[in-house]
Number of protein chains: 2
Amino acid sequence: MGITKSNLFTEEQNIIANLAKAIGHPARVAIIQHLIKANACINGDFVQELGLAQATVSQHLRELKDLGIIQGSIEGSRVSYCINKARWKEIQDLFTGLFDGVDTKGCC
Amino acid sequence: MGITKSNLFTEEQNIIANLAKAIGHPARVAIIQHLIKANACINGDFVQELGLAQATVSQHLRELKDLGIIQGSIEGSRVSYCINKARWKEIQDLFTGLFDGVDTKGCC
DNA sequence: ATACTATATTGCAATATTACGATATAAATG
DNA sequence: CATTTATATCGTAATATTGCAATATAGTAT
């Protein structure tokens, strides 16, 4: 086995899980945090920033891009990345929904 | 390779990533959501609920327990699980911190 | 055109995750 | 005590992820 049985779960559960998995690597957390700080959305210096090989960084960027979390726009020979704000808000709402369930209910 | 280079990142980045990874499986999202709904914190029927083998469910529960997200208390031959609310709040704050960075800054 | 720079993709090795049957452990019941 | 019930752990197969060197692709500059 080793394959996640996505069909057993709701679409929302799969979506949340996939987004969480994308955030589930420190390099990708670092990329996101760096993009938040640097309004300037650079690329390339991620390799400097992270200390990972160029190919590895490129791979992490692709994963974030595939989920729509970041966007890349070509600028000459460089690619400028930034956070997709609308999408980020969407994701925040999904997680907020998950977090907010717990509260006044008495248990344990 | 295949081993995450945790030493390259800040402790916060590693912590967030590990928590996100825990949420990064639909079965574990389902477990959390079910625990939120059922104030009653049952166990066992997770196997029914999820449609996964008993051993698999037990493994997912352990991962959540290892990160402190859920707690299990022995009740006779059963184990009653529930969300660790204090911890959950902590985790929520961590994620909120990550999410809230993005906003008014102009970029892209 | 040629060399240089920046990024993406491919291929592969190391490691991690998912899933489950089988087995252990422990309480509950006959 | 033997059996049943509930959960955890072990061992293992299938698959996924991480990371990088090598290579491809594409723009820049000389």
Please give, in whole Å, the distance from [N] [atom2] to [X] [atom1]?
X	N	atom1	atom2	result
A:Phe46	D:dG19	CZ	C1'	18 Å
A:His60	C:dT9	NE2	P	15 Å
B:Arg62	C:dT25	CZ	P	16 Å
A:Ile70	C:dT7	CD1	C1'	13 Å
A:His25	D:dT18	NE2	P	5 Å
A:Arg78	D:dT28	CZ	P	10 Å
B:Ile3	D:dC20	CD1	C1'	15 Å
B:Glu63	C:dT17	CD	P	7 Å

Check: When the ring planes of A:Phe99 and B:Trp88 are compared, do they come out parallel, tilted or perpendicular, using 30° and 60° as the limits?
Finding: tilted
Which listed nucleotide ([options]) is nearest to the side chain of [X]?
X	options	value
B:Ala53	C:dT7, D:dT17, C:dG21	C:dG21
B:Thr4	C:dC20, D:dG19, D:dT7	D:dG19
A:Lys5	D:dA8, C:dC20, D:dG19	C:dC20

Is any side-chain N or O of [X] closer than 4.0 Å to OP1 or OP2 of [N]?
X	N	value
A:Lys21	D:dT17	yes
A:Tyr81	C:dA8	yes
B:Thr56	C:dT18	no

Item checked: Under 3.5 Å donor-acceptor, A:Arg28 side chain and A:Lys21 backbone ->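 Yes, A:Arg28 side chain to A:Lys21 backbone: donor-acceptor pair under 3.5 Å.
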Check: Would you say B:Arg78's side chain and B:Ile42's backbone share a donor-acceptor pair under 3.5 angstrom?
Finding: no
Notebook entry, point to check: Toward the 5' end of DNA chain C, which comes first, A:Ser77 or B:Ala55, by nearest nucleotide?
Noted result: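 It is A:Ser77 whose nearest nucleotide is closer to the 5' end.
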Notebook entry, point to check: If you pin A:Ser6 and A:Asn43 to their nearest nucleotides in DNA chain C, which one's is more 5'?
Noted result: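 The residue mapped nearer the 5' terminus is A:Asn43.
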Checklist line | Gap separating the CG atom of A:Leu64 from the CD1 atom of A:Ile83, nearest 0.5 angstrom | finding: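 A:Leu64 CG to A:Ile83 CD1: 9.0 Å, rounded to 0.5 Å.
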Next item on the list: Could you check if a side-chain atom of B:Val29 sits within less than 4.5 angstrom of a side-chain atom of B:Ile23, using non-hydrogen atoms only?
Entry: yes
Check: Quick one: the side chain of A:Gln54 and the base of D:dC20, do they pair up donor-acceptor inside 3.5 Å?
Finding: no
Checklist line | Distance-only donor-acceptor test (3.5 Å): side chain B:Gln59, base D:dC10 | finding: no
Next item on the list: Decide whether A:Gln59 and A:Thr56 meet the rule of one side-chain donor and one side-chain acceptor closer than 3.5 Å.
Entry: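 No donor-acceptor contact under 3.5 Å links the two side chains.
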Notebook entry, point to check: Given that B:Gly44 and A:Gly76 both sit by DNA chain D, which one's nearest nucleotide is further toward the 5' end?
Noted result: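 Whichever sits nearer the 5' end wins; that is B:Gly44.
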Check: For B:Ser58 and A:Glu75, take the nucleotide of DNA chain D holding the closest heavy atom to each; which residue's nucleotide lies nearer the 5' end?
Finding: B:Ser58
Next item on the list: For A:Leu52, report the nucleic acid contact type (base, sugar-phosphate, nothing); a contact means any heavy atom under 4.0 Å.
Entry: sugar-phosphate
